[in-house]
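Remarks on the structure that follows.
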Amino acid sequence: MYNIKTIGVLTSGGDAPGMNAAIRAVTRAAMYNNLQVKAIYRGYKGLFTGEIYPIDNETVSNIIHHGGTIIKTARCVEFRTPEGRKQAYDNLVKENIDGLVVIGGDGTFTGASVFGMEYNFPIVGIPGTIDNDLYGTDTTIGYDTALNTIIQAIDKIRDTASSHERLFLVEVMGRDAGFLALNGAIASGAEAAIIPEIKTEEDQLEAFIQHGFHKSKNSSIVVVSESEITGGAMGIANKLKEKGYTPHVTILGHIQRGGSPTANDRILASRMGVAAIEALLDEQRCIMIGIVNNEIVHVPFKKAIKNEKPVNKYLLDVLNFLS
Ligand code: ATP
């Protein structure tokens, strides 16, 4: 039986639009339940260094529409060591924090899982990553916003591609997950997507060429996931050049991470923030809040980390049928 009085909240790993909405929801739901809230700055780094300060309803006003994270994010090598985690635990005890909400991705939950088991500490995770690569949840905070940023960019590139009848390769983020590329391609009416889940990138390329791109006759847009497996847009461009094509490469880069979160991401973050506090009060620990078929679910960290989230291969067919 835990008696949680003070919770800590941190954001970790890559920033994602909607993290602020999640911090707001966690804080306000906690205060609604008469809990104190402390912000841990710069992810596990702040847990390690003791950069921990009280926040309240006022602190989180006017942030729901902002991208990034007001409590900052960082990577922390020290948290990967038992000594580093011991120091982090000592800081939690010093600050009287008895429950933790961590907002981040795969790595963040791996760290949380190790720490939670080591110190028997109540931790609940909220998936915040634009990649949408977490098993056990249909979507993650930031994914919808990033997808919208991608299609806005591709709409603009299309103007040039069609005016000049050019082939464009647009590289999007995803770190070995093709969700952004595949759904970005469908939503922008691109001709093809090259994603890491389909390991034979040569075949994907061949299929696309066979499918109907005629040299210097049509304009064409191919969305490519950044990944060693695909070789990224530059890797694909080099292969196409060997075949006599003259592709143009655009790498969208960090533009995909920022910006005001979409309504979907704000709502998702708000629901997940409230669910995280409810879960802690319900004595849940070492779980990630997920959403499946529009219902909140609890996914053990171990399950979320260990399993790879599959892309729906049928979406590739949809793209092929429509391109
Ligand atoms: P994104 O998907 O946006 O990259 P992420 O949460 O996967 O987000 P990482 O940089 O992989 O980001 O992980 C965030 C932090 O989690 C790391 O800097 C580290 O402090 C901690 N962490 C990751 N793996 C471990 C581990 N095996 N043991 C302890 N801590 C870990």
Side-chain angles (χ1 to χ4, degrees), residues 8-20 22-23 40-51 67-69 71-89 91-92 100-119 121 123-137 139-147 149 172-181 196 225-228 252-259 261 265 269 272 276 286-290 299 301-309:
V9 58
L10 61 82
T11 48
S12 163
D15 65 308
M19 278 184 163
N20 280 328
I23 296 164
I40 299 156
Y41 284 76
R42 298 177 174 79
Y44 294 130
K45 192 73 142 181
L47 204 52
F48 175 72
T49 59
E51 207 183 343
T69 157
I71 58 175
K72 316 294 177 195
T73 183
R75 320 261 178 201
C76 177
V77 284
E78 293 89 348
F79 200 72
R80 292 175 183 272
T81 66
E83 298 75 24
R85 292 193 295 274
K86 168 77 172 64
Q87 185 161 328
Y89 179 72
N91 282 330
L92 283 176
L100 209 52
V101 177
V102 297
I103 306 168
D106 195 46
T108 300
F109 299 154
T110 307
S113 179
V114 173
F115 184 79
M117 305 287 270
E118 224 165 34
Y119 291 98
F121 202 86
I123 311 182
V124 170
I126 296 179
T129 167
I130 65 164
D131 299 347
N132 196 28
D133 59 348
L134 278 163
Y135 180 88
T137 184
T139 183
T140 57
I141 296 167
Y143 172 63
D144 186 62
T145 307
L147 207 47
T149 303
V172 301
M173 285 185 169
R175 202 178 54 176
D176 296 337
F179 300 99
L180 283 174
S225 293
E226 67 162 0
S227 154
E228 280 180 16
L252 295 187
H254 281 86
I255 195 174
Q256 297 162 88
R257 284 265 193 88
D265 273 333
M272 286 182 161
C286 280
I287 55 144
M288 176 190 85
I289 301 295
V299 188
F301 279 148
K302 285 239 155 79
K303 219 169 156 185
I305 298 158
K306 208 176 92 199
N307 296 294
E308 283 203 1
K309 182 173 177 178

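Ligands are counted one by one from 1 in listed order, and the atoms in each one are counted from 1 as well. Bear in mind the structure is a predicted one, so any value in this text is a computation, not a measurement.
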## Note on the structure
Nearest heavy-atom approach of Ile71 to Thr11 is CG1-OG1, 3.5 Å
#### Entry: Nearest protein heavy atom with distance in Å, relative to atom 30 (N) of ligand 1
Gly111 CA, 3.3 Å
### Query
Does an N or O from Arg75, backbone or side chain, lie closer than 3.5 Å to an N or O of ligand 1?
yes
### Task
Indicate yes or no: does an N/O atom of Gly105 lie under 3.5 Å from an N/O atom of ligand 1?
yes
### Task
May I ask you to check if ligand 1 and Asp131 share an N or O to N or O distance below 3.5 Å?
no
### Query
Between the main-chain N or O of Thr145 and the side-chain N or O of Asp265, is there a donor-acceptor pair closer than 3.5 Å?
yes
### Query
Are Arg42 and Glu51 close enough that some pair of their side-chain heavy atoms sits under 4.5 Å apart?
yes
### Query
Considering only heavy atoms from C-beta outward, does the side chain of Met173 approach that of Leu252 to under 4.5 Å?
no
### Query
N/O of Cys76 under 3.5 Å from N/O of ligand 1, yes or no?
yes
### Query
Looking at Ala269 and Gly18, what are the two nearest heavy atoms and their distance?
CB-O, 3.4 Å
### Query
Closest non-hydrogen protein atom to atom 2 (O) of ligand 1, residue and atom name please, with distance?
Arg175 NH2, 3.1 Å
### Message
Among all the protein's non-hydrogen atoms, which is closest to atom 24 (N) of ligand 1, and how far away is it?
### Response
Arg80 NH1, 3.2 Å
### Task
Please work out whether any backbone atom (N, CA, C, O) or any side-chain heavy atom from C-beta onward of Phe79 is under 4.0 Å from ligand 1, and answer side chain, backbone, both or neither.
both
### Query
Below 3.5 angstrom, do we get any N/O pair linking Thr108 and ligand 1?
yes
### Message
Nearest non-hydrogen contact with atom 11 (O) of ligand 1 belongs to which option: Gly128, Ala88, Gly107?
### Response
Gly107
### Numbered atoms of ligand 1 (with element) below 4.0 Å of Thr110, judged on heavy atoms
26 (C), 27 (N)
### NZ (Lys302) with more than 12 external heavy atoms under 6.0 Å
no
### Message
I want to check something: taking the side chain as every heavy atom from C-beta on, are Lys45 and Arg75 in contact at a cut-off of under 4.5 Å?
### Response
no
### Task
Check each atom of ligand 1 against the heavy atoms of Ser12 and keep those under 4.0 Å away; list them by number with element.
14 (C), 15 (C)
### Task
Considering heavy atoms of the protein only, find what lies nearest to atom 3 (O) of ligand 1 and give residue, atom and distance to 0.1 Å.
Gly14 N, 3.0 Å
### Query
Are any of the N or O atoms of Val114 closer than 3.5 Å to those of ligand 1?
no
### Task
With rounding to the nearest 0.5 Å, note down the distance linking OH in Tyr44 to CZ in Arg85.
10.5 Å
### Query
Taking the six-membered ring for Trp, is the centroid-to-centroid distance between Tyr119 and Phe115 below 6.0 Å?
yes
